[in-house]
**Student:** 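Here you go, one structure.
Just so it is clear, the structure is predicted and the values come from calculations on it, not from any experiment.
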Amino acid sequence: MPHPSLDKTKQPPFETNDLRSNLKTYLNEKFYDPIAGEERRLGSFRWGVYAFFDYDGEPIYVGQTAEMVSSRIGRHMTNQRTDAVAMSVLDPFEVFEIEVWPLPQFQEVTTKKSSAADYADAKAHLDALERLIFEKAIQDSQFRAILNEKDPPVPTVTVSEPPSHRSAIVSESVHAIRSHPDFRIARRALIISRLAQVISERQVTDGLRRVLLTQSKRLQWLAGRRFEALGGSTNYANGDDTGT
């Protein structure tokens with residue numbers, strides 16, 4: 001039967017609401033600012049590097065911000081106003097955890113309030129940290145690759161990894177849905193299809209084709225793991241290809 005009350009609802013679907021709620025909670029978590037000598041909201045830091053991880057703890061994307069951690073990550077995760085999401089490079093449904101490396105020493109540095117030299121110094125540090133985290137993510141990845149279309153700039157300064165904060169942004173209810181391997185396989189295949197369509201319709205960079213290759217490897221690995229877990233090789237060896 002029709003549900004007129006549901007037809008009129010202005011609330012987004014459960015999973016969308018859940019993501020927004022958990023993302024807000026994450027960005028409101030406290031992180032110690034040694035410059036100010038006090039804790040502040042993680043999302044309130046202006047400068048920083050962030051990384052996304054999937055349901056296997058696999059690093060999938062690294063980025064930077066000099067505008068506000070909450071604004072940049074929010075655009076990735078909630079409204080698709082980033083090239084990475086719009087081009088089907090990054091799928092928000094794949095993100096289980098986020099890690100942020102804030103740079104509190106540059107909190108007051110802006111294009112309007114700071115000298116060109118101070119801003120350039122802060123940007124050089126940010127670029128170098130992004131490259132450091134990017135290379136670490138690749139090293140930690142079993143595929144030795146993540147889904148960034150472009151490599152971060154080559155560093156012009158040397159930096160060390162600062163303290164970070166990592167936490168899940170998915171509730172147990174949504175985790176029960178999205179962590180199912182068949183859901184993940186279907187979702188990953190969908191994103192690959194969208195990305196392939198984008199590539200077929202325009203001139204694209206080699207980096208975007210690299211993302212397609214990486215996603216294809218990730219899909220093959222996940223599908224293979226699922227197949228083996230259900231006794232696929234054994235079934236084929238016994239002449240049973242029904243999957244039952």
**Student:** What pair of heavy atoms forms the shortest contact from Q215 to I192, and how long is it?
**Tutor:**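 Nearest pair, atom of Q215 first, then I192: O-CD1, 3.4 Å.
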
**Student:** To the nearest 0.5 angstrom, please state how far the CD atom of E99 sits from the OH atom of Y50.
**Tutor:** 14.0 Å

**Student:** Measure the shortest side-chain to side-chain distance between S71 and T65 over non-hydrogen atoms and say whether it is less than 4.5 angstrom.
**Tutor:** no

**Student:** Name all residues meeting the salt bridge (Lys or Arg N to Asp or Glu O under 4.0 Å) criterion together with E29; count only those two or more places apart in sequence or in a different chain, and write none if there are none.
**Tutor:** none

**Student:** So, taking the atom named NE2 in H175 and the one named CD1 in I177, what distance separates them when rounded to the nearest 0.5 Å?
**Tutor:** 11.5 Å

**Student:** Could you tell me if the side chain of V49 sits less than 4.5 Å from the side chain of L132, heavy atoms only?
**Tutor:** no

**Student:** Does the side chain to side chain donor-acceptor pair (under 3.5 Å) test come out yes or no for Q197 and R194, once each step is laid out?
**Tutor:** CA-CA 5 Å; Q197 187 69 30; R194 290 176 178 173; over 6 Å; no

**Student:** At their closest point, which heavy atom of Y32 faces which heavy atom of G37, and how far apart are they?
**Tutor:**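 That would be OH-CA, 3.6 Å.
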
**Student:** So if you build clusters from Ile, Leu, Val, Met, Phe, Trp, Tyr with side-chain heavy-atom gaps below 4.5 Å, do I191 and V211 land together?
**Tutor:**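 Unlinked, I191 and V211 end up in two clusters.
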
**Student:** Looking at the rings of W101 and F134, which for Trp means the six-membered one, are their centres under 6.0 Å apart?
**Tutor:**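 No, they do not, as the ring centres are separated by 6.0 Å or more.
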
**Student:** May I have all residue pairs that pass side chain to side chain donor-acceptor pair (under 3.5 Å) and include part of residues 124-137, sequence neighbours excluded?
**Tutor:** Q64-D127, Q64-E130, K123-D127, R131-E135, K136-E161

**Student:** Determine whether L222 and L195 fall in the same hydrophobic cluster, where Ile, Leu, Val, Met, Phe, Trp and Tyr are linked whenever their side-chain heavy atoms lie under 4.5 Å apart.
**Tutor:** yes

**Student:** Atom CG of L219 and atom OG1 of T214: how far apart are they, to the nearest 0.5 Å?
**Tutor:** 12.5 Å

**Student:** For the atom pair CG (N22) and CG (N17), what is the distance rounded to the nearest 0.5 Å?
**Tutor:**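 Between atom CG of N22 and atom CG of N17 there are 10.5 Å.
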
**Student:** If the condition is salt bridge (Lys or Arg N to Asp or Glu O under 4.0 Å), which residues does K30 pass it with, not counting sequence neighbours?
**Tutor:**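 So K30 forms no salt bridge (Lys or Arg N to Asp or Glu O under 4.0 Å) with any residue.
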
**Student:** Kindly indicate, with the supporting measurements, whether the criterion side-chain contact (heavy atoms from CB on, under 4.5 Å) is fulfilled by I73 and V100.
**Tutor:** CA-CA 10 Å; I73 291 179; V100 173; 3.7 Å; yes

**Student:** Taking the side chain as every heavy atom from C-beta outward, state whether P163 and F31 have any atom pair closer than 4.5 Å.
**Tutor:**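 Sidechains of F31 and P163: in contact.
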
**Student:** Heavy-atom count check: over 12 atoms from other residues, nucleotides or ligands less than 6.0 Å from E228 CD?
**Tutor:** yes

**Student:** Side-chain contact test, heavy atoms from C-beta onward, threshold under 4.5 Å: evaluate it for Y55 versus V170 and give yes or no.
**Tutor:** yes

**Student:** Does a sphere of radius 6.0 Å around CD in E172 hold more than 12 heavy atoms from other residues, nucleotides or ligands, not counting ones at 6.0 Å or beyond?
**Tutor:** no

**Student:** Quick check against the 3.5 Å criterion: does S193 have a side-chain atom that pairs as donor or acceptor with the backbone of A189?
**Tutor:** no

**Student:** Quick one: pull up CG in D121 and OG1 in T156 and give me the separation to the nearest 0.5 Å.
**Tutor:** 9.0 Å

**Student:** Measure the CG-CG distance between D91 and L147 for me, rounded to the nearest 0.5 Å.
**Tutor:** 9.5 Å

**Student:** Under 4.5 Å between side-chain heavy atoms, counting indirect links through other Ile/Leu/Val/Met/Phe/Trp/Tyr residues: same cluster for V85 and V62 or not?
**Tutor:**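 Not linked; separate clusters.
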
**Student:** I need the minimum non-hydrogen distance between L126 and A66, along with the two atoms involved.
**Tutor:** CD2-CB, 4.1 Å

**Student:** Take F45 and D33 through the side-chain contact (heavy atoms from CB on, under 4.5 Å) test and state the conclusion after the steps.
**Tutor:** CA-CA 9 Å; F45 286 94; D33 180 350; 4.1 Å; yes

**Student:** Looking at R166 and E97, what are the two nearest heavy atoms and their distance?
**Tutor:** NH2-OE1, 2.8 Å

**Student:** Stepwise, does the side-chain contact (heavy atoms from CB on, under 4.5 Å) test hold for M77 with I169?
**Tutor:** CA-CA 10 Å; M77 299 303 299; I169 60 163; 3.6 Å; yes

**Student:** Run the side-chain contact (heavy atoms from CB on, under 4.5 Å) test on D56 and R184 for me, step by step, so that the C-alpha distance in whole Å, both residues' side-chain angles and the decisive distance to 0.1 Å come before the verdict.
**Tutor:** CA-CA 11 Å; D56 292 308; R184 295 179 64 201; 3.0 Å; yes

**Student:** I'd like to check the ring pair (Phe, Tyr, Trp, His ring centres under 6.0 Å) partners of F53; sequence neighbours left out, ordered by chain and number.
**Tutor:**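 Checked F53 against ring pair (Phe, Tyr, Trp, His ring centres under 6.0 Å); zero matches.
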
**Student:** When you group the ILVMFWY residues by side-chain heavy-atom contacts below 4.5 Å and let the links chain together, are Y61 and F93 in the same group?
**Tutor:**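 Per the 4.5 Å side-chain linkage, F93 and Y61 are not co-clustered.
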
**Student:** Run D18 and R178 through salt bridge (charged side-chain N to carboxylate O under 4.0 Å, His left out) and show every step you take.
**Tutor:** CA-CA 13 Å; D18 184 88; R178 292 187 183 173; over 6 Å; no

**Student:** Which pair of non-hydrogen atoms, one from S160 and one from L129, has the smallest distance, and what is that distance?
**Tutor:** O-CD1, 4.4 Å

**Student:** Do any N or O atoms from the side chain of R202 and from the backbone of I199 form a donor-acceptor pair under 3.5 angstrom?
**Tutor:** no

**Student:** Does one hydrophobic cluster hold both V69 and L90, with members joined at side-chain heavy-atom distances below 4.5 Å?
**Tutor:** yes

**Student:** Suppose we screen for salt bridge (Lys or Arg N to Asp or Glu O under 4.0 Å). Which residues come up paired with R226, at least two apart in sequence or across chains?
**Tutor:** D182

**Student:** Taking all heavy atoms of I146 and all of P59, pick out the closest pair and write down the distance.
**Tutor:**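 In this case the closest contact between I146 and P59 is CG2-O, 3.3 Å.
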
**Student:** Does R188 form a salt bridge (charged side-chain N to carboxylate O under 4.0 Å, His left out) with E94? I'd like the steps, not just the answer.
**Tutor:** CA-CA 8 Å; R188 197 166 291 179; E94 283 231 67; 2.7 Å; yes

**Student:** Is the ring pair F52/H76 parallel, tilted or perpendicular, if the boundaries are 30 and 60 degrees?
**Tutor:**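 Because their plane-to-plane angle is over 60°, the rings of F52 and H76 count as perpendicular.
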
**Student:** Tell me the ring pair (Phe, Tyr, Trp, His ring centres under 6.0 Å) pairs involving residues 140-173, sequence neighbours left out?
**Tutor:**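 Of all non-adjacent pairs touching residues 140-173, those that pass ring pair (Phe, Tyr, Trp, His ring centres under 6.0 Å) are Y26-H165, F143-W221.
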
